[in-house]
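Scroll down for the structure; my scribbles are underneath it.
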Amino acid sequence: MPGYSFRAIEKKWQAHWEETGLYKWDPDSPKPRFYLLTMFPYPSGDLHIGHWYVLSPTDAYARFKRMQGYNVFFPIGFDAFGLPAENAAIKRGVHPHAWTYRNIENMRRQMRSMGASFAWEHEVVTCDPEYYRWNQWFFLQFYKRGLAYKKFAPVDWCPTCNTTLAREQVVGENRVCERCDTPVIKKELDQWFFKITAYADELLDFSGLEWPERVLAMQRNWIGRSEGVQFRFQVDGREDTFEVFTTRIDTIYGVSFVVLAPEHPLVERITAPERRAEVEAYRHKAARQSEVERLSTEKVRDGVFTGAYAVHPLTGERLPIWIADYVLVTYGTGAIMGVPGHDERDFDFARRYRLPIRVVVAPPGWQGGELDAAYVDEGTLVNSGPFSGLPSDVARERLADEIERRGIGRRAVQYRMRDWLISRQRYWGTPIPIVYCDRCGTVPVPEDQLPVLLPEDAEFLPTGESPLKHHEGFLHTTCPQCGGPAQRETDTMDTFVDSSWYWYRYLDPHKDDAPFDVERARRWTPVDQYTGGVEHAVMHLLYSRFFTRVLRDMGLVDHAEPFPRLFNQGIVLGPDGHRMSKSRGNVIDPDDLVEHYGADVVRGYLMFMRPWDQGGPWQPGGIDGVANFLNRVWRVAVDEEPAEGDVPVAAAAEAEVLGAAPFGERELRKLTHRTIKKVTEDLAEFHFNTAIAAMMEFSRELARARRTALGRTPAWREAVEALTLLLAPICPHITEEIWHRLGHEDSVHVQPWPKYDPALIVDDTVEIVVQLNGRVRERLEVPAGLDREALLRTVQADPRVQALLSGKTVRKAVAVPGRLVNFVV
RNA sequence: GCCGGGGUGGCGGAACGGCAGACGCGGGGGACUUAAAAUCCUCUGCCGCAAGGCGUGCGGGUUCGAAUCCCGCCCCCGGCACCA
């Protein structure tokens, strides 16, 4: 526990900062701007250690940039719509609104206890009508641009959350809801979508983004672009055709069958009468299976022959048409060409049903025999008519040309990403501003009638239908076009809509004639630095990039990328190495820690524990190290002067420290300036742990120096002030107290960041390592600044080195100025 | 399977291709104290009495010199996964 009275100090300064408006933001200040954004939290009720782990280092960075002279905008808010509030209402009868705002109040208190320097007057709460009104406005703009549309389609449904989900919210091998881990099922529903696929290619352009590689990889993978050829097959003996998509047109001569997805519309028409019963049975099974949890990870590739044949577009050969559920109706054209020789799935399928397997790309060393596995790599074409002998990459181009020349297909691009399903059958969200009129059909609510208010008095029944559907007053309305009776859309929006543009709203959160001030956004966005968890790698970050592009196309912003720089902090696990959860009983409560150690120690430890981007178990013991450090800082800077008789004052500035080498003002200043350099560089790169380590070393040397006459010199004063300033971003309270006790009137947090003097940090002498065949044998002090040759001469002249080399022939000598000399003998 | 990130003391972690293990935790020894706490000093990778040797997941390579670069493996974490 700290030896200084941290409780009083932290309380005092938090109150003082608030009273004096220390962190109020002035958008028109002439200083260079810095927009620092951290992902706003969901108001779950408590600020847990994970929140601290992202917020406190981000706050330290805000303070650091402020001291460096930037006009820092560091806002906070609450992502306040969402299921937990509604579930609390169902379970405990608390209204979501009351529940949410009570939680927000508590979290604000906790954030203050952390000493966070947020621009509170710019706070945004998304469940406030003054915020969600603009979600509705954006929806209408999207609608106008054809980017919002309603579609009847099979969609993912979470039976626990009782709502549909976006594809991004269905995770893992067994397709569970990302929120509650329940396996999702398919439902056919009429739902609203945002057309994110219109921006698929643009979203793949990550140029200029300083983002963690894994986030880029996840987005790239999610969008799933692939280039290939889409072409038409003729059904033998019929007018019908169908299209397939392939990335391996070079293997087209290897097609020995084709497969349609069971749901493919053509199946109905082409199935031969004698195959119908079997085909129907299979389709039925497939349909049911997609609704049932996949029990087995074993993927059996089975299927059924339809009795129909397709015609190979180049060879004219008759190819049996099968249906199989390994072909997905949702991807590509819902049909494939089966090339068993060169595709693992087709190979399995062909084996199972004894379909011919042809080799059209020769594996290395192939002698013309049968394959025992599909050869999926590239190679030289064989058995491919006029294309035989060509390498795969050339053949792909030639065959694509051929397909296009014959007019049976074209080069095409497919994406794995689907449009963003935004309808939710829940209450606690933004009402979708649409009205259905018997006469006029789907009618958007006119902009001047926004917001469509979420009624307070809904019934919360987990029926699987939106509670708004049962709210007569909400449901029934008049058509904005014809004035006749009409019904409102009762679904609400995915809460990811709320978080797709909130950083613009922060700039002017109460503006009531536009979502944000376009002029201010021009000056203050894109965000200079974004921090937050990697769990949002695909959803929030991808949606935000999409939104920003639409905003750009609307002329509201002038950039495509909202967050040019992104930093993902790690995840703090419980001491047992598992994710913290109440059921495991491994939750570390930051309030308890703050009570015991104070906010400064908790902040400091979170930043010292490990590199910020790394997660890992909470180490219960380590926090005492930071507490010790702050105690030492306190003693060094604040405690009473040592008594006159205590120390060898007589030796003045050159006094010898207890047990240490001569340590004078010059050395002290050198150390001070080196520490400034180190801490400045480390903080700029979020290397809080090594910055703190440097300050720990510094404080230890100061503690020694203090006991000597050095403790009365100007160099001492400079050192103590520097330490206080360097530590201020990380531990804002203790440093503020120290700063004032050192005799200053204004806040440590408005001081300019200390600068180091390069002239002061250079050494007169350097230690040179002398190696023999790469092994360290001696260390020598030599004058600094010697060049290669001078260094070698100096080293060779040293008697110890001569002893080392006596009787040996130096074959080579490598001298690295300032570092080492290596003799190869 | 594919993609991304990692493997360094008892533990968390430091190290522009140049002294491996900074800093901290834990541990040993000591000072102060009636005692304890606090503080301070000191030691603490492994083997060895020592000289010395061995050490950054494993095996090779490049280099005067590799934790760091290259090749091939192994293991751990995260993401995606019948996407044609």
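To find a chain, count down the sequence lines: A is the first, B the second, and so on, and within it residues start at 1.
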Would you say a side-chain N or O of A:R700 is under 4.0 Å from OP1 or OP2 of B:C23?
yes

When the distance from CZ of A:F629 to C1' of B:G24 is rounded to whole Å, what number comes out?
11 Å

Rounded to whole angstroms, how far apart are CZ on A:F688 and C1' on B:A22?
19 Å

What is the distance, to the nearest angstrom, from the CZ atom on A:R819 to the P atom on B:G17?
10 Å

A:E701 CD - B:C23 C1' separation (whole Å):
13 Å

Apply the syn/anti split at 90° from 0 to B:G9 and say which one it is.
syn

Just checking A:A217: base, sugar-phosphate only, or nothing, at a heavy-atom cut-off of under 4.0 Å?
sugar-phosphate

Less than 4.5 Å apart, side chain to side chain, heavy atoms only: is that true for A:L683 and A:H687?
no

Between B:G24 (P) and A:Q619 (CD): distance, integer Å
16 Å

Spacing of A:F349 atom CZ relative to B:C82 atom P, expressed in whole Å
17 Å

What I want to check is whether the side chains of A:R545 and A:Q219 have a donor and an acceptor closer together than 3.5 Å.
yes

Phosphate OP1/OP2 of B:A84 contacted by A:Y326 side-chain N/O (<4.0 Å):
no

What's A:D346 touching, base or sugar-phosphate or nothing? Going by heavy atoms closer than 4.0 Å.
nothing

Whole Å only: how far is the CD atom of A:E685 from the C1' atom of B:C16?
12 Å

When Watson-Crick pairs (N1 to N3 and N6-O4 or O6-N4) and G-U wobble pairs (N1-O2 and O6-N3) count only below 3.5 Å on both distances, what is the dot-bracket string of RNA chain B, with | for other-strand pairs?
(((((((..(((.....[....)))((((((.......))))))(((....)))..(((((..]....))))))))))))....

From B:G5, B:A84, B:G18, nucleotide with atom closest to A:E213 side chain:
B:G5

Can you figure out which of B:A84, B:G24, B:G12 approaches the side chain of A:R632 most closely?
B:G24

Is A:R610 close enough to B:G13 that one of its side-chain N or O atoms is under 4.0 Å from OP1 or OP2 there?
yes

Pairs flagged by salt bridge (Lys or Arg N to Asp or Glu O under 4.0 Å) wherever residues 245-259 of chain A is involved - sequence neighbours left out:
A:R248-A:D250, A:D250-A:R396

Quiz question: by atom type and distance under 3.5 Å, do the side chains of A:E781 and A:T765 form a donor-acceptor pair?
yes

A:R635 side chain near B:C40 phosphate (N/O to OP1/OP2, under 4.0 Å)
yes

Rounded distance (Å) that lies between atom P of B:C64 and atom CZ of A:F823:
16 Å

Looking at B:A22, I'd like to know if its phosphate oxygens (OP1 or OP2) sit under 4.0 Å from a side-chain N or O belonging to A:N689.
no

Taking only side-chain nitrogens and oxygens of A:N221, does any of them come within less than 4.0 Å of OP1 or OP2 of B:C2?
no

Sugar-phosphate only, base, or nothing, as touched by A:S226 at under 4.0 Å among non-hydrogen atoms
sugar-phosphate

Return yes if a side-chain donor-acceptor contact under 3.5 Å exists between A:Y353 and A:D348, otherwise no.
no

Most 5' of A:T330 and A:I692 on RNA chain B, judged by nearest nucleotide
A:I692

Have a look at A:Q771 and say if it touches a base, only the backbone sugar-phosphate, or nothing, with a 4.0 Å heavy-atom cut-off.
base

Which part of the nucleic acid, if any, lies within contact of A:Q614, taking any heavy atom under 4.0 Å across all strands shown: a base, the sugar-phosphate backbone alone, or nothing?
sugar-phosphate

How is A:R220 classified with respect to the nucleic acid when contacts are heavy atoms under 4.0 Å: base, sugar-phosphate, or nothing?
nothing

Any A:N822 side-chain N or O less than 4.0 Å from OP1/OP2 of B:U63
no

Side chains of A:Y605 and A:D624: any donor to acceptor distance under 3.5 Å?
no

Applying salt bridge (Lys or Arg N to Asp or Glu O under 4.0 Å), name anything that partners A:R220, two or more places apart in sequence or on another chain.
A:E213

